[in-house]
Amino acid sequence: MENNQKQLNANETVGDCCNENKSSHEAKRMLINRLSRIIGQINGIKGMVEKDEYPVDILIQASAATAALNSFSRELFQKYVSEDFCGRLKNNDSDVINEFLTLLKKMMS
């Protein structure tokens with residue numbers, strides 16, 4: 001496991017798993033950088049379609065862009081859980097569980 005990730009065991013509490021590892025500013029900058037790369041990939045795919053490049057090559061690039069977007073989503077989800085969800089859970093915000101379950105349902109569909 002990476003140094004900034006923590007494996008949970010049965011003895012850990014919500015508070016133990018919800019520590020922010022990166023500054024909020026740095027995390028935001030990293031997410032924006034990822035999106036910029038994904039936008040570049042999408043623009044490249046658009047150019048390939050405009051040039052009538054071989055469909056297999058376009059599909060490979062589209063698959064890479066999809067993987068990059070999935071990676072972005074995982075990172076953002078981790079940020080949400082560690083910063084927003086856990087904080088609200090600690091503050092006994094009863095709406096956060098429904099929000100979380102709705103989010104999971106949408107992410108898994």
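By the 30° and 60° cut-offs, the orientation of the rings of Tyr80 relative to Phe100 is parallel.
Note: Asp84 CG to Lys79 NZ = 6.5 Å, rounded to the nearest 0.5 Å. Put simply, CZ on Phe72 and CD1 on Ile32 are 9.0 Å apart, with the number rounded to the nearest 0.5 Å. Atom CG of residue Asn33 and atom CD1 of residue Ile38 lie 11.0 Å apart, to the nearest 0.5 angstrom. The distance from the CD1 atom of Ile42 to the CZ atom of Arg37 is 13.5 Å, given to the nearest 0.5 Å. Of the inter-residue distances, the one linking Ser24 atom OG with Glu83 atom CD reads 5.0 Å to the nearest 0.5 angstrom.
In the hydrophobic clustering of ILVMFWY residues, with side-chain heavy atoms under 4.5 Å counting as a link, Met107 and Leu76 come out apart. Linking Ile, Leu, Val, Met, Phe, Trp and Tyr whenever their side-chain heavy atoms come within less than 4.5 Å leaves Leu69 and Phe77 in two separate clusters. Side-chain heavy atoms closer than 4.5 Å link hydrophobic residues (I, L, V, M, F, W, Y) into clusters, and following such links, possibly through other members, connects Ile97 to Leu103.
Checked against salt bridge (Lys or Arg N to Asp or Glu O under 4.0 Å), Arg88 has the following partners two or more places apart in sequence or in another chain: Asp93, Glu99.
Across Ala68 and Gln41, no two heavy atoms sit closer than the pair CB-OE1, 3.4 Å.
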Table please: side-chain donor-acceptor pairs of residues 49-64 below 3.5 Å, with sequence neighbours left out.
none

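With hydrogens and angles disregarded, a donor-acceptor distance shorter than 3.5 Å links the side chain of Thr102 to the backbone of Asn98.
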